[in-house]
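Written below as structure tokens is the structure these notes are about.
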Amino acid sequence: MTLLQQVHWELEMDYIGHPYYVSGNAILHALGQQLPQDVHETLHASHGFFVPGQFGTFPETHSQDGIRPYLGSGLPDVETYDDLFLLRQSSHSWLLDSRPRDALNTHDIRVQSGHPALTHETIMGRPQAADKKQQTTKWYVHAYLHADGSDCIPIEDRHLDGLQFGGKRNYGYGAVSLKDTQVVDIESLDFSRLEAADEYVLSLTTPFVLETEYPCAADQDIPWWWAVDRCDLRERQEKLLEQREVFSLQTVDHGQTVRYDGDCPIKTAKNGLCRIGSHAKYGFGEIRVTPREAHDTLS
Amino acid sequence: MTGTRPSSDDRTGESEMIAVYRHDVYKLTGQPHADALDTYAGVPVNQPVPLGADRDAAALSRPDGSPTQTVVNHMTLSRLSLLTGVPVEQAPPHDESVLAPLVTEDDPEVMHQRWLETDVAATVNESVYYPYTSLKYHTLLTAALLDNYRDGHDFADLHLVVDQDGRRVPHRTVYADVDFALHLDGGTHDKPSIRLGDRPRRSWAATWSRLPAHPLATDSEAYDRVLDANLRRITAWSTALQYLEDFMTGVER
């Protein structure tokens, strides 16, 4: 039994930090102030994805269907493997076409003493032109935790509420409140969509670490079951901050897709949820497995 | 997505490529589609684009089916900026002295250059229903599709190509600034590129995210990371290309 605890936070204040996601390292660091050390040491955290709280419709691959108000503001039921990724793709294909989906899904930027901060809400419609037609979209952060020992999960709500992520925390930036949480057992998920396929594509939900300056962490080659050469992959540098020391990581950038050359896709899918490679504990190396014929329309 | 291979007659090709830059003049002049004039400033305008290139370019930025109003208090051709949230300053209709360079030129390559550099066409959206889209980039995408289709490429052959030398290719370049250019190309090339997919759809974010290289300094520049993060969230092609231009020229770092 491998338990994933999904956590959905609501941004209460602008966020100054990584614009792609709240790193798993930042989430674990914030939880370190809340939890006993022995519990905290066993935890692994995913990167936290930014999600707009908006009307949406479930994609065809999801076990639920229909239109929901504020789909991104909570955690829908999870029955299948694909359900886990609903809120973990930046383009959020579930957003409705009857609304300005791209405007609602892009971050407004407020410059705070030279730093580009992401706003905690998007306000549409100018007050002078549209009395009472102003529309506010709140932003959420979606992440999940798992632990080496299964008795640590779930983490109690009181430990998950009132955290802060990103820079300038002394000034109140990056404050979040707990909106929703639920526990999913990986072993009980339905993987039939993968079982029915013959060929697969891997998409990198978060960066995969190739080289790290962090002491005692091993450099990684790309896994043998990625049907691609390293030179064909876009790389990007990341920084890992610990005890005020900065360590550089060379990564394969997230968002890219590679063909799968292995022969155990379900096992790879499960491992991809718990992440692979160096710093998997801090959110790196999250991978989604998709049937190849569907990879044009990932959602 | 292509029909039969087009005529090799150069003059037909030239006039088709000129026509593609004139196919939506009624939006620049603020006329309704039903009243669109056949000529403007003495040249033929508002003509249909062959080989389905206009329809396919529209599918890259707008959903299928009957359009609905997506922004409650905004129902004009004036483009809304994704960067600032407000309408861009100069709204249609534009007068002839402003539009003439975009419409009356008769060298297709010069026309392509002017559309790459225009601010005027960037003040107008593709459709009043989708006010964040951009007529400038819709037109450049239509031209790139038509030019590729005329060369016998199907949509499924097309790639988004990153050109870090910033070279401009007539009709194929869909974005250019001082540092880099982006092309749609069905041929072989030695630059980083990714397929657009089997059919035209709003796939900007997926295409950009999967590129084997992109030209932003995301290792070192916080503002480039923010730009990149937003480019991974936008699905409409003309909206994304316009956002890229607006961010590059409009954000103080």
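All values below were derived from every heavy atom in this structure, side-chain atoms included, with hydrogens, water molecules and symmetry-related copies excluded. Note that the structure is a prediction, hence the values are computed from the model and not measured. Each chain gets a letter, A, B and so on, in the order the sequences are listed, and its residues count up from 1.
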### Task
Select one option (side chain, backbone, both, neither) describing which atoms of A:F50 are under 4.5 Å from chain B's heavy atoms.
both
#### Entry: chain A contact via B:A229 - which portion, at a heavy-atom distance below 4.5 Å
both
### Query
Within a reach of under 6.0 Å around CG of B:D95, are more than 12 heavy atoms found that belong to other residues, nucleotides or ligands?
yes
### Summary
chain B shares the most heavy-atom pairs under 4.5 Å, among A:E235, A:H18, A:R234, with A:R234
### Query
Heavy-atom distance under 4.5 Å to chain A: side chain of B:Y129, backbone, both or neither?
neither
### Task
Would you please say whether a donor-acceptor pair under 3.5 Å links the side chains of A:T137 and A:Q54?
yes
### Distance-only side-chain donor-acceptor flag, A:H62 / A:D82, under 3.5 Å
no
### Query
Which of the residues B:A205, B:A213, B:G65, B:P131 is involved in the greatest number of heavy-atom pairs with chain A at under 4.5 angstrom?
B:A213
### Query
Does B:D198 pair with B:R195 as a salt bridge, N-O distance under 4.0 Å?
yes
### Query
In terms of heavy-atom pairs under 4.5 Å with chain B, which of A:G114, A:P116, A:A103, A:S98 leads?
A:P116
### Summary
Of all heavy-atom pairs linking B:H138 and B:T142, the shortest is O-OG1, 2.7 Å
#### Entry: Sidechain N-carboxylate O distance under 4.0 Å for A:D253, B:R232
yes
### A:N105 portion near chain B, given a 4.5 angstrom heavy-atom threshold
both
### Greatest number of heavy atom pairs closer than 4.5 Å to chain A - which of B:I194, B:T239, B:D228, B:V251
B:D228
### Task
Select one option (side chain, backbone, both, neither) describing which atoms of B:L211 are under 4.5 Å from chain A's heavy atoms.
both
## Note on the structure
Separation between CG (B:L241) and OG1 (B:T133), nearest 0.5 Å, reads 12.0 Å
### Query
Side chain, backbone, both or neither: which part of B:R62 has a heavy atom under 4.5 Å from chain A?
neither
#### Entry: Interchain contact, B:H214 with chain A, by part (heavy-atom threshold 4.5 Å)
both
### Query
Should the pair B:D165-B:K191 be classified as a salt bridge under the 4.0 Å nitrogen-to-oxygen rule?
yes
### Query
Is it the backbone or the side chain of A:V252 that comes under 4.5 Å from a heavy atom of chain B, or both, or neither?
neither
### Task
Would you mind checking which part of B:W208 comes under 4.5 Å of any heavy atom in chain A, side chain (CB onward), backbone (N, CA, C, O), both or neither?
backbone
### Message
Between B:T68 and chain A, with a heavy-atom cut-off of 4.5 Å, which part of the residue counts as in contact: side chain, backbone, both or neither?
### Response
side chain
#### Entry: Selection from B:T207, B:L83, B:T70 maximising heavy-atom pairs under 4.5 Å formed with chain A
B:T70
### Query
So with a 6.0 Å cut-off around OH of B:Y223, is the heavy-atom count from everything else above 12?
yes
#### Entry: Greatest number of heavy atom pairs closer than 4.5 Å to chain A - which of B:L80, B:V226, B:L231
B:V226
### Query
Under 3.5 Å, is there a donor-acceptor pair linking the side chains of A:D102 and B:T235?
yes
### Task
Flag the pair A:E286 and A:R88 as a salt bridge only when some basic side-chain nitrogen lies within less than 4.0 angstrom of an acidic carboxylate oxygen.
yes
### Residue A:L233 versus chain B: region with a heavy atom under 4.5 Å
backbone
### Task
May I ask you to name which of A:R236, A:H107, A:R99 has the most heavy-atom pairs under 4.5 Å with chain B?
A:H107
